[in-house]
There are 2 protein chains.
Amino acid sequence: MILADSAANAWIERAPTRTPEIFVTVDVVILALRDDDLQVLLVKRKLPPFEGKWAIPGGALRVDESLEEGALRTLREKTGVTNVHLEQLYTFGALDRDPRGRTITIAYYALVPAPLAVQAGQGTTDAQWQSVYALPEMAFDHEEIVKYALKRLRYKLEYTAVGFRLLPETFTLSQLQRAYETILGVKLDKRNFRRRILQARVLEETGEYRLGEGRPARLYRYRADAVAEIKARRLFP
Amino acid sequence: MILADSAANAWIERAPTRTPEIFVTVDVVILALRDDDLQVLLVKRKLPPFEGKWAIPGGALRVDESLEEGALRTLREKTGVTNVHLEQLYTFGALDRDPRGRTITIAYYALVPAPLAVQAGQGTTDAQWQSVYALPEMAFDHEEIVKYALKRLRYKLEYTAVGFRLLPETFTLSQLQRAYETILGVKLDKRNFRRRILQARVLEETGEYRLGEGRPARLYRYRADAVAEIKARRLFP
DNA sequence: TCAAAAGTGTTTGTGGTACACCCATGG
DNA sequence: CCATGGGTGTACCACAAACACTTTTGA
């Protein structure tokens, strides 16, 4: 509080014309694969506006945290994880997006590995993973934000190796292919997929095998030293 | 700190009961081609902080305008034009980016056709086009913003038809090729360039010719009905 | 021995790249 | 007739796409 007040006062002393009248929030589209479905973590609002509607997690940006720190804090509060792919998505600032007053939100999206417990936080009555392909009625402009995140993820998948971030640390090529298929919404040819993903040199064998119903499958991991951007060509059409 | 925390959390659930403490600005990287050089419009600051340093135009977001309207207003004030390519770039929010207090800026970039007069506005003593390849010492984090805009423009040029927006309404293929070469910083093969840009079907002949030193050159214009995204393949490697 | 999933090569087509000369005009 | 920039085609190579069967394990 002391810190906040002194920062605010500094503005009034030295900033010429006006005091701030615009609220700033950070919201995060948290995505994960569950049951061969791409899902987003949604929270149910306890209070108006949009009471009882679903929203993506987020909240007011604190004066003493950067944008990314704000997004990471939201992520930590909801999922407990921090070592994930986190990327600024877009800033939404329509005049009427929050009935309480002028508010802009810097939206981020995060890709988290599949199996994750989630916690409802304060101000919310529930927290659930829900399919991005069947979104419920949502608060504010959050449906637009989720759809934009999906568009961006699909786009990014075509020319980067970001898909691994949705899988556990080690995974099989079939798992990875199913991830791509789930996100892109298309079937991919197994042989072409394997050839290209291996040619991209972003994976390495662990030497382990995953036993299951059929023939055991080689386990791979993401190469930490791999360049994330597949420079040569887009991975998939 | 605890007080500050609960106060910050409170407002997202309830009506905003306290004054925001974060300032919001919109800044615009305005780009144009001049003399086979890619240039950015910079203004010289009249007042501290960074008095006398160059900055990209922008200012406080007004409470009654959307983000894009704010960017358009800046653009209009500086160049008088509005019918240009304008796109949100990124939101910068480092804690120390403005010594006067916590400020985030939503950065846009604009592509304007080459020949444009510019006006110094209030709070500035000068406005000049300067090469993006030889930037002066700049205020705030504006150098980072300009460099990011260049990166994005190059990237975008590879898979969209956005290059036309830096040329006058009608132009020759050689002009267009020089634009691409100036922005990408590479030489392109004339025959391959022409074949690909024409195959992309985003241009149409005007039927006119531009007379000059050598053989007259066909004039083209951008097809208004063309899809901006070159879906099939990236235009250039 | 069967079910289930993993794993593997070849052919064909398309798009990318490299490359050099003639054309139309003005001075 | 010369200087200046405009305009054109082809051959080769690399990557993308289509396509079906064998292998390995557990039940």
Side-chain angles (χ1 to χ4, degrees), chain A residues 33 35-36 157-161 167-168 170-182 184-221 229-237, chain B residues 33 35-36 157-161 167-168 170-182 184-221 229-237:
Chain A
L33 290 168
D35 311 322
D36 285 338
L157 217 55
E158 289 177 353
Y159 61 93
T160 73
L167 295 175
T170 67
F171 47 85
T172 69
L173 290 184
S174 294
Q175 270 182 289
L176 184 60
Q177 182 177 346
R178 272 198 302 278
Y180 274 79
E181 289 175 340
T182 301
L184 296 175
V186 296
K187 285 274 164 237
L188 300 172
D189 180 85
K190 182 158 63 162
R191 281 167 292 189
N192 292 338
F193 180 84
R194 284 163 186 251
R195 187 186 315 115
R196 273 189 275 178
I197 209 79
L198 292 175
Q199 273 176 1
R201 306 214 132 279
V202 289
L203 299 187
E204 62 185 10
E205 296 188 25
T206 64
E208 310 277 303
Y209 287 79
R210 192 194 59 175
L211 306 182
E213 295 204 39
R215 173 173 170 176
R218 278 196 179 86
L219 282 167
Y220 291 82
R221 75 166 68 84
E229 307 275 326
I230 310 282
K231 280 294 178 198
R233 286 286 174 278
R234 291 156 49 156
L235 271 178
F236 301 102
Chain B
L33 289 168
D35 310 322
D36 284 337
L157 216 56
E158 290 177 352
Y159 61 93
T160 72
L167 295 174
T170 67
F171 48 86
T172 69
L173 290 184
S174 295
Q175 271 182 289
L176 184 61
Q177 183 176 346
R178 273 196 301 280
Y180 273 80
E181 289 175 338
T182 301
L184 296 176
V186 295
K187 285 271 163 241
L188 299 171
D189 181 85
K190 182 158 64 164
R191 280 168 292 189
N192 293 338
F193 179 86
R194 283 162 187 252
R195 187 186 316 113
R196 272 190 275 179
I197 210 77
L198 292 175
Q199 273 176 2
R201 309 211 132 278
V202 289
L203 300 187
E204 62 184 10
E205 296 188 25
T206 64
E208 309 278 302
Y209 287 79
R210 192 194 60 177
L211 305 183
E213 295 207 37
R215 173 174 171 177
R218 278 197 178 86
L219 283 167
Y220 291 82
R221 76 166 67 86
E229 307 273 329
I230 312 283
K231 280 294 177 198
R233 287 284 175 279
R234 290 155 51 155
L235 270 179
F236 301 103

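Quick note on labels: first sequence line is chain A, next is B, and so on, each numbered from 1. Keep in mind that what you see is a predicted model, and the values were worked out from it rather than measured.
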Are there any protein N/O atoms within less than 3.5 Å of an N/O atom in nucleotides 4-6 of chain D, and if so, which ones and at what distance?
residue: dG6(D); atom: OP1; partner: Ser174(B); partner atom: OG; Å: 3.0
residue: dG6(D); atom: OP2; partner: Ser174(B); partner atom: OG; Å: 2.9
residue: dG6(D); atom: O3'; partner: Pro216(B); partner atom: O; Å: 3.4
residue: dG6(D); atom: N7; partner: Lys190(B); partner atom: NZ; Å: 3.4
residue: dG6(D); atom: N2; partner: Arg215(B); partner atom: NH1; Å: 3.4

Notebook entry, point to check: Which heavy-atom pair separates Thr206(B) from Thr170(B) by the least distance, and what is that distance?
Noted result: CG2-CG2, 3.8 Å

Next item on the list: Taking the six-membered ring for Trp and the single ring otherwise, decide whether the centroids of Phe171(A) and Tyr220(A) are under 6.0 Å apart.
Entry: no

Next item on the list: Take Leu211(A) and Arg191(A), find for each the nucleotide of DNA chain D with the closest heavy atom, and name the residue whose nucleotide sits nearer the 5' end.
Entry: Arg191(A)

Check: If you round to the nearest 0.5 Å, how far is NZ of Lys190(B) from CZ of Arg195(B)?
Finding: 13.5 Å

Notebook entry, point to check: Which residues pass the side chain to side chain donor-acceptor pair (under 3.5 Å) test with Gln175(B), sequence neighbours left out?
Noted result: none

Margin query: Can you give me the bend angle of the helix from dT1(C)-dA27(D) to dG27(C)-dC1(D)? Use the axis through the first five pairs and the one through the last five, nearest 10 degrees.
Written below: 0°

Notebook entry, point to check: Taking for each residue the nucleotide of DNA chain C with the nearest heavy atom, is it Gln199(B) or Arg195(A) whose nucleotide lies nearer the 5' end?
Noted result: Arg195(A)

Check: Among pairs that include at least one residue of residues 208-218 of chain A, which meet side-chain hydrogen bond (donor to acceptor under 3.5 Å, both in side chains), considering only residues two or more places apart or in two chains?
Finding: Glu205(A)-Arg218(A)

Checklist line | Partners meeting side chain to side chain contact (heavy atoms under 4.5 Å, CB included) with Ala217(B) (sequence neighbours left out) | finding: Thr172(B)

Notebook entry, point to check: What is the distance from CG of Asn192(B) to C1' of dC19(C), rounded to the nearest Å?
Noted result: 9 Å

Check: Which nucleotide in the set dT10(D), dA17(D), dC19(C) lies at the smallest distance from any side-chain heavy atom of Arg196(A)?
Finding: dA17(D)

Margin query: My understanding is that only residues two or more places apart in sequence, or in another chain, count here; which of them pass side chain to side chain contact (heavy atoms under 4.5 Å, CB included) with Glu204(B)?
Written below: Arg221(B), Arg223(B)

Checklist line | Distance, rounded to the nearest Å, where Lys187(B) contributes NZ and dA18(C) contributes C1' | finding: 17 Å

Notebook entry, point to check: What's the spacing between Gln177(B) CD and Asp189(B) CG if we round to 0.5 Å?
Noted result: 7.5 Å

